[in-house]
Structure formats: structure tokens, C-alpha cells
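Each chain gets a letter, A, B and so on, in the order its sequence line appears, and its residues count up from 1.
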Protein chains: 2
Amino acid sequence: MSDRLDLAFAALADPTRRAILTMLLEDDMAVTDVAEPFDISLAAISKHLTILTRAGLIAQEKRGRVKWCKLEPDALRAASVWMQGFGQFEPVNLDAFERFLEVELSPEADHSPQE
Amino acid sequence: MSDRLDLAFAALADPTRRAILTMLLEDDMAVTDVAEPFDISLAAISKHLTILTRAGLIAQEKRGRVKWCKLEPDALRAASVWMQGFGQFEPVNLDAFERFLEVELSPEADHSPQE
DNA sequence: CCAATCGTCAACCAAATGGTTGAATATGGC
DNA sequence: GCCATATTCAACCATTTGGTTGACGATTGG
């Protein structure tokens with residue numbers, strides 16, 4: 001029953017997890033390094049990463065004793081696509097929509113994160 | 001603490017609430033009419049609508065004894081914009097996006113809530 | 001005015017969430 | 001082989017969530 005979108009949106013609802021995603025935008029990271037800036041236990045971070053993984057928002061790959069985390073854009077894109085349907089029902093919203101298309105469709109676009 | 005995005009994403013994490021939003025895409029609706037296609041109590045729907053309202057995803061206006069619900073796109077747009085920062089860091093295939101447009105924008109599309 | 005309709009409130013319940021701590025399981029370095 | 005490092009597991013806790021039912025307050029129609 002619990003749809004892919006359920007998991008994605010639920011994962012995105014937590015500020016710690018959104019912060020983790022933002023960090024991973026910069027680079028892949030080990031679990032310990034992900035945990036470093038936060039004030040909660042490593043176990044709690046590990047749980048957050050599990051939730052992000054099951055939501056398909058990140059992937060974890062163990063190399064040696066280190067488990068690397070990297071963004072997995074598909075789920076984010078699915079959620080984004082779902083929301084775009086609502087951006088369109090009003091002319092005002094075409095702003096964001098057009099910016100999206102512009103960036104997304106230009107072959108030589110600079111796809112680096114802005115932040 | 002709980003950010004606007006927290007509330008928006010948490011609200012979007014429930015399939016019933018996403019279905020409600022989809023219904024409201026068609027037209028503004030009274031609470032009772034929103035509840036009609038669902039198998040849960042009116043009180044439960046009322047709670048869902050409160051959550052959507054506090055998340056800024058819909059607005060409710062009482063006229064007479066009927067309370068009308070309508071989409072409020074700002075919060076959705078905020079969430080959408082947040083996610084686009086992630087959609088861009090990799091060249092994207094627009095497949096899913098185009099399929100979505102096809103379904104969602106066709107005038108005779110079946111937008112009824114799916115369970 | 002009275003009854004029906006619209007919607008919320010209150011109390012309750014089971015399950016999920018986000019956190020803790022302490023022990024356990026790899027793995028790597030020396 | 002041993003110890004430190006990296007990460008998860010297990011048990012526990014408080015709070016939130018999504019649902020129920022029944023009573024309640026407004027409003028409308030006849």
C-alpha cells in the first residue's frame with residue numbers, strides 16, 4: 001500500500017533528513033561524517049539514513065568498514081513531478097515551471113547545485 | 001522549529017491527503033463532498049483537512065454551514081522549489097515528467113482518487 | 001420551531017516516529 | 001592477535017499519527 005511517494009514525502013518531512021540530503025548534494029559521505037554536524041547520536045543518524053534509503057532518496061554502499069551515502073535523484077524527481085501537477089493549475093505558477101523546463105531542457109545547462 | 005517545509009512534506013506523505021489535493025485540483029469542494037469517495041469517517045477527513053490547512057496547502061472558508069476547501073499553491077510551490085535544487089544536479093530524463101503532463105493535463109483525464 | 005444537515009470536538013486506541021543507551025558485529029592498522 | 005574505528009542492533013521511552021465513536025454547536029429548509 002505505502003506508495004513510493006508516501007516514503008519519499010515522509011522522509012522529506014524531517015529537517016534533519018533534509019539537511020542530510022543537502023550535505024550529500026556536495027559530495028558522497030560516510031555515515032560518521034554525515035553525523036558529525038548533528039547533535040544527536042550516531043544510531044539516530046543511522047536510522048535517518050535507513051529511512052532515506054528505503055525512500056529511494058539515497059543509496060548506501062559499503063566499502064571496507066565504511067558505508068558511503070550518495071544521493072539517488074529518482075525518488076526526488078518522482079516527488080517533484082507529482083508536485084508540478086499542482087503548480088500548473090494557476091498561471092502564476094508557470095514561473096517556477098518555466099524555470100524548471102529551461103534548466104532541465106538546455107543541453108549545456110549548468111546543473112551544479114545552487115545553495 | 002517545525003519549518004513550513006516540515007508541515008508541507010508531512011502533509012504530502014499521506015495518500016489520502018494527496019488524493020484530496022488531486023480532487024481539489026478540479027474544483028473547490030465542501031468537506032462532506034471531499035469525504036464522500038473515502039471509506040473513513042467524516043471526522044478523519046476533517047482532521048486531514050486541518051493538517052492540509054496548517055501546512056498551507058489548502059484554505060478553508062466557511063460560507064453558511066458549508067466549509068469550502070480550495071487549493072493554496074504557495075506551500076506546494078515552496079516544497080517544489082526546494083526539491084528542484086536536487087533535480088538539477090544531474091541531467092534528467094523527462095520521461096516520467098512528460099507522462100505526468102499527458103495524464104494530468106488531458107481534459108477528460110480520470111482524476112478520481114485512487115483508494 | 002423543529003428536524004435534518006454540516007462540521008468539529010473530545011476521549012480513546014493502536015501503531016509509527018524520533019530519540020536514547022549499551023551491546024554486538026565487521027573491518028582496518030600495527 | 002589486538003585494539004580502535006565504523007556502523008548497526010535491541011530494548012526502551014515519550015510523542016505523534018491516523019483512525020474510531022458519540023456528543024455537540026451552527027445553520028438551513030419546510
- [ ] Sugar-phosphate means primed atoms, P, OP1 and OP2; the rest is base. With that split, encode nucleotides 25-30 of chain C 5' to 3' as B, S or - using protein heavy atoms under 4.0 Å.
- [x] --BS--
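- Between F38(A) atom CZ and dG18(C) atom P there is a gap of 14 Å when expressed in whole angstrom units.
- Applying the ring-ring contact (aromatic ring centres under 6.0 Å, His included) test to pairs two or more places apart or on separate chains, those with a residue in residues 7-54 of chain A are F9(A)-W82(A).
- One atom, CG of L49(A), and another, P of dG18(C), lie 13 Å apart when rounded to the nearest Å.
- Listed by first and then second residue, the salt bridge (Lys or Arg N to Asp or Glu O under 4.0 Å) pairs involving residues 27-56 of chain A amount to none (not counting sequence neighbours).
- Across all non-hydrogen atoms, the minimal contact from A11(A) to L52(A) is CB-CD2, 4.1 Å.
- For A44(B), the side chain to side chain contact (heavy atoms under 4.5 Å, CB included) partners are I40(B), S41(B), not counting sequence neighbours.
- Residues meeting the side chain to side chain contact (heavy atoms under 4.5 Å, CB included) test with A78(B), sequence neighbours left out: none.
- Applying the side chain to side chain donor-acceptor pair (under 3.5 Å) criterion to T53(B), with sequence neighbours excluded, gives Q60(B).
- Among residues two or more places apart in sequence or in another chain, the salt bridge (Lys or Arg N to Asp or Glu O under 4.0 Å) test is passed with R17(B) by none.
- The CD1-C1' distance, from I20(A) to dG18(C), rounds to 12 Å in whole Å.
- Following rounding to the nearest Å, L52(A) (CG) and dG18(C) (C1') show an atom-to-atom distance of 13 Å.
- Summarising the hydrophobic clusters (Ile, Leu, Val, Met, Phe, Trp, Tyr; side-chain heavy atoms under 4.5 Å, direct or chained), the residues clustered with W68(A) are V66(A).
- The separation between I58(A) atom CD1 and dT7(D) atom P is 12 Å, rounded to whole Å.
- If you measure from atom NZ of K67(B) to atom P of dT28(D), you get 15 Å, rounded to the nearest angstrom.
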TODO: Summarise protein proximity over nucleotides 18-25 of chain D in one line of letters, 5' to 3': B for base, S for sugar-phosphate only, - for none, counting protein heavy atoms closer than 4.0 Å.
DONE: SBBB----
